[in-house]
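Side chains included, hydrogens not; waters and symmetry mates left out as well; all remaining heavy atoms used. Quick note on labels: first sequence line is chain A, next is B, and so on, each numbered from 1. None of the values given here were measured: they were computed from a predicted structure.
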Amino acid sequence: QKEVEQNSGPLSVPEGAIASLNCTYSDRVSQSFFWYRQYSGKSPELIMSIYSNGDKEDGRFTAQLNKASQYVSLLIRDSQPSDSATYLCAVGDKIIFGKGTRLHILP
Amino acid sequence: GAGVSQSPRYKVAKRGQDVALRCDPISGHVSLFWYQQALGQGPEFLTYFQNEAQLDKSGLPSDRFFAERPEGSVSTLKIQRTQQEDSAVYLCASSFGLDYGYTFGSGTRLTVV
């Protein structure tokens, strides 16, 4: 059974601070990793993809992948209230999702 | 179209009724996925198409669930003899291929009463 694990939260972060979201996965052969953002009542929206070890930066977002540790994370710099959402980690070509981490940015 | 279109947006079905949910993917997208999302949970994989071929249906919860994509474009997820546990949001996603991120439709919220 392929699994993707995330802390469900809620994770509360002050506005302007760095939010750090973490994810572990069980399938060692996975080659593709994604972070989706989902606002309440809306569908998931792709915000980052990462395929190789290391960091990938896109604006305020940085994805980090460590295949040896089977760990992927998302950092959000200068957190804004509009970043408050559920963040879903997704792994593999058939995109297995974690249950998501609820992030709340405190104004 | 510009995005993935799903219809209906909401569906209320009486227990035992058959329902059909439609997904119109982004033009040119080869891969199409169906997911089921219960409240407070992440999306659960149901089935995957590459063009018209259903390559994986391992996530379909029972033989009451059936999906098709006969011409490699529009897909329909059919649920026969609906049960209360089928109540969820059904999401469709499409992509140019595996290992690409997927674009999701707005989903169909199914409520079985």
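Put simply, the side chain of B:Phe45 does not reach to within 4.5 Å of the side chain of A:Phe97, judged on heavy atoms.
Sparse packing is recorded around CD of B:Glu71, with 12 or fewer heavy atoms of other residues, nucleotides or ligands lying under 6.0 Å away. Around the CZ atom of B:Arg15, the shell of radius 6.0 Å holds no more than 12 heavy atoms that belong to other residues, nucleotides or ligands. Atom NZ of A:Lys67 has more than 12 heavy atoms from other residues, nucleotides or ligands within 6.0 Å. In this structure, B:Arg9 places its CZ atom where more than 12 heavy-atom neighbours from other residues, nucleotides or ligands lie under 6.0 Å away. The environment of CD in B:Glu44 is sparse: at most 12 heavy-atom neighbours from other residues, nucleotides or ligands sit within 6.0 Å.
Within the 4.5 angstrom heavy-atom criterion, no atom of A:Gln6 approaches chain B. For A:Tyr36, the part lying near chain B is the side chain, with the backbone staying farther off; criterion is any non-hydrogen pair under 4.5 Å. A:Leu88 touches chain B through its side chain: at least one heavy atom from C-beta onward sits under 4.5 Å away, while N, CA, C and O do not.
In the hydrophobic clustering of ILVMFWY residues, with side-chain heavy atoms under 4.5 Å counting as a link, A:Phe34 and A:Tyr71 come out apart. Under the 4.5 Å side-chain heavy-atom criterion for grouping Ile, Leu, Val, Met, Phe, Trp and Tyr, A:Val4 is connected to A:Tyr87 within one hydrophobic cluster. B:Val30 and B:Leu32 are members of different hydrophobic clusters when ILVMFWY side chains are connected at heavy-atom separations under 4.5 Å. Taken together through direct or relayed side-chain contacts under 4.5 Å among Ile, Leu, Val, Met, Phe, Trp and Tyr, A:Leu74 and A:Leu65 form part of one hydrophobic cluster.
Atom CD1 of A:Ile95 and atom OG of B:Ser31 lie 9.0 Å apart (nearest 0.5 Å). To the nearest 0.5 Å, the span separating OG on A:Ser43 from CD on B:Gln6 amounts to 8.0 Å.
Residues of residues 104-113 of chain B lying under 4.5 angstrom from chain A, judged on non-hydrogen atoms, are B:Phe104, B:Gly105, B:Ser106 by number.
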